Amino acid sequence: ERTAVDAYLDAYKDRPHIVLVGAKDGALHAFRTDSLNLADPYNGTEAFAYIPYDVAQRINGDRLSSTVSAYPDGSPTAADVKISGQWRTVVVMGEGNGGRGVFALDITEGTLSAGKSVWNPQPLWHFQDPNMGFTRSKATIVRTKISGSERWLAVFSSGPGNGIDVGDTVYAVDMTTGQLVWRFDLSDTNAYISTSITAAETDDEAGTAIDGYIDRLFFADNKGRLWKINPASFS
């Protein structure tokens, strides 16, 4: 594994840097940034823009009604993860105030050509559930073990929304496929999860050890309760 990681880091060590920003035009925008060269004429230029699937389904309705309700307004989470067994750089982002979905994008392939950034972002998956409110939670990407096998998961909460019994669920989806691996429901129709998910590797309880795998998730709800769950204990 160390050999694979080192090869991956070496292959992309010269990749240009970008800043990711969601906007009310419906797109996730990537802008070039080089903090080591503030005079770089390409700083602030756009590398790519991506419209998530759920936003794309609703954006024409906004146009027809002269409203703005469909856009990616969450906080992006970028991480190096294993996708189909290969190390890749991915972004997971919720739509925040602009929707009730979460999407993932592979942004590994970025190069420089004549000073300009050339990117080939690849959509990975989009996730929605009827119990989801506005997806304001910043996704947490974890490496854990389930039934003895390594699993890479994107974990996020559903967030508050208009309606009864909305926003009290934590979801864990497979990073490669976007398929639901497990869900944890507070079973409280008057509560919603009010924080992002914090992941930790512990050795303070029976059955936990420092082995490179996440074994605890922490979050709180709007009633002031702090929750702790094991990401490997659900099916």
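Heavy atoms only: backbone and side chains are in, while hydrogens, waters and symmetry mates are out. As the structure is a computational prediction, the values presented were derived from the model and not from experiment.
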Measuring only between side-chain heavy atoms, which start at C-beta, is [X] closer than 4.5 Å to [Y]?
X	Y	answer
Arg183	Asp129	yes
Gln128	Tyr53	no
Leu9	Tyr12	no
Arg63	Asn60	yes
Arg15	Thr89	yes
Val55	Glu95	yes

Considering residues at least two apart in sequence or located in another chain, which fulfil the side chain to side chain donor-acceptor pair (under 3.5 Å) criterion with [X]?
X	value
Ser75	none
Asp185	Thr169
Arg225	Asp188, Asp221

_Tell me whether the rings of His29 and Phe31 are parallel (<30°), tilted (30 to 60°) or perpendicular (>60°)._
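Geometry flag for Phe31 against His29: parallel rings.
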Let me confirm one number: the [atom1]-[atom2] distance from [X] to [Y], rounded to the nearest 0.5 Å.
X	Y	atom1	atom2	answer
Asp174	Trp125	CG	CH2	9.0 Å
Phe48	Leu28	CZ	CG	6.0 Å
Thr195	Leu226	OG1	CG	8.0 Å
Phe184	Ile229	CZ	CD1	5.5 Å
Leu217	Asn230	CG	CG	8.0 Å
Thr45	Ile18	OG1	CD1	11.5 Å

Linked, directly or transitively: [X] and [Y] (ILVMFWY side chains, under 4.5 Å):
X	Y	value
Tyr8	Ile107	no
Trp227	Phe156	no
Trp152	Val90	yes
Leu153	Phe127	no
Val181	Val142	yes

Compare every heavy atom of [Y] with every heavy atom of [X], then report the nearest pair and how far apart it is.
X	Y	value
Val92	Ala139	CG1-CB, 3.6 Å
Asp168	Ala191	CB-O, 3.4 Å
Ala199	Ile214	CB-CG2, 3.9 Å
Gly26	Ile51	O-CG2, 3.6 Å
Phe218	Ala200	CE1-CB, 4.0 Å
Ala154	Met175	CB-SD, 3.5 Å

[X]-[Y] side chain donor-acceptor pair, cut-off 3.5 Å:
X	Y	result
Arg143	Tyr213	yes
Thr67	Ser69	no
Glu46	Trp119	no
Asn43	Thr33	no

*asked:* Could you walk me through whether Arg32 and Asp40 satisfy the salt bridge (Lys or Arg N to Asp or Glu O under 4.0 Å) test, starting with their C-alpha distance in whole Å, then the side-chain angles of each, then the deciding distance to 0.1 Å, before giving a yes or no?
replied: CA-CA 10 Å; Arg32 170 79 185 280; Asp40 187 336; 2.9 Å; yes
Could you tell me whether [X] and [Y] make a salt bridge, using a distance below 4.0 angstrom between a side-chain N and a carboxylate O?
X	Y	answer
Asp62	Arg58	no
Asp73	Arg136	no
Asp54	Arg100	no
Arg216	Glu201	no

*Would you check if the side chain of Thr144 reaches a backbone N or O of Arg151 as a donor-acceptor pair within less than 3.5 Å?*
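Absent.
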*Side chain of Ser137, backbone of Ser157: donor and acceptor closer than 3.5 Å?*
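Indeed, once roles are kept as given, a pair shorter than 3.5 Å links the two residues.
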*For side chain to side chain contact (heavy atoms under 4.5 Å, CB included), just list the numbers for Ile193 and Val170, CA-CA rounded to whole Å, side-chain angles, deciding distance to a tenth of an Å, and then say yes or no.*
CA-CA 8 Å; Ile193 297 162; Val170 173; 3.3 Å; yes
*asked:* Run the salt bridge (charged side-chain N to carboxylate O under 4.0 Å, His left out) test against Asp106 and tell me which residues pass, sequence neighbours left out.
replied: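 Asp106: salt bridge (charged side-chain N to carboxylate O under 4.0 Å, His left out) contacts with Arg88.
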*Lys138: what forms a salt bridge (charged side-chain N to carboxylate O under 4.0 Å, His left out) with it, not counting sequence neighbours?*
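Applying salt bridge (charged side-chain N to carboxylate O under 4.0 Å, His left out) to Lys138 gives none.
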*Any chance the rings of Trp182 and Tyr171 have centres within less than 6.0 Å?*
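No; Tyr171 has its ring centre 6.0 Å or more from that of Trp182.
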*With Phe219, which of Thr198, Thr140, Leu186, Val155 fulfils side-chain contact (heavy atoms from CB on, under 4.5 Å)?*
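With Phe219 as partner, Thr198, Thr140, Leu186, Val155 yield a single side-chain contact (heavy atoms from CB on, under 4.5 Å), made by Leu186.
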*When you look at CD of Glu109, are more than 12 heavy atoms from neighbouring residues, nucleotides or ligands closer to it than 6.0 Å?*
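Atom CD in Glu109 is crowded, with more than 12 foreign heavy atoms closer than 6.0 Å.
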*Atom NZ of Lys223 with >12 non-hydrogen neighbours under 6.0 angstrom*: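 Above 12, so yes.
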*Go through Gln57 and His126 one step at a time and tell me if the side chain to side chain contact (heavy atoms under 4.5 Å, CB included) criterion holds.*
CA-CA 12 Å; Gln57 303 305 302; His126 178 270; over 6 Å; no
*CA sep, side-chain torsions, deciding dist, call: Val5, Thr3, side chain to side chain contact (heavy atoms under 4.5 Å, CB included)*: CA-CA 6 Å; Val5 171; Thr3 299; over 6 Å; no
_Ser149: side-chain contact (heavy atoms from CB on, under 4.5 Å) partners, not counting sequence neighbours_ =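 side-chain contact (heavy atoms from CB on, under 4.5 Å) list for Ser149, sorted by chain: empty.
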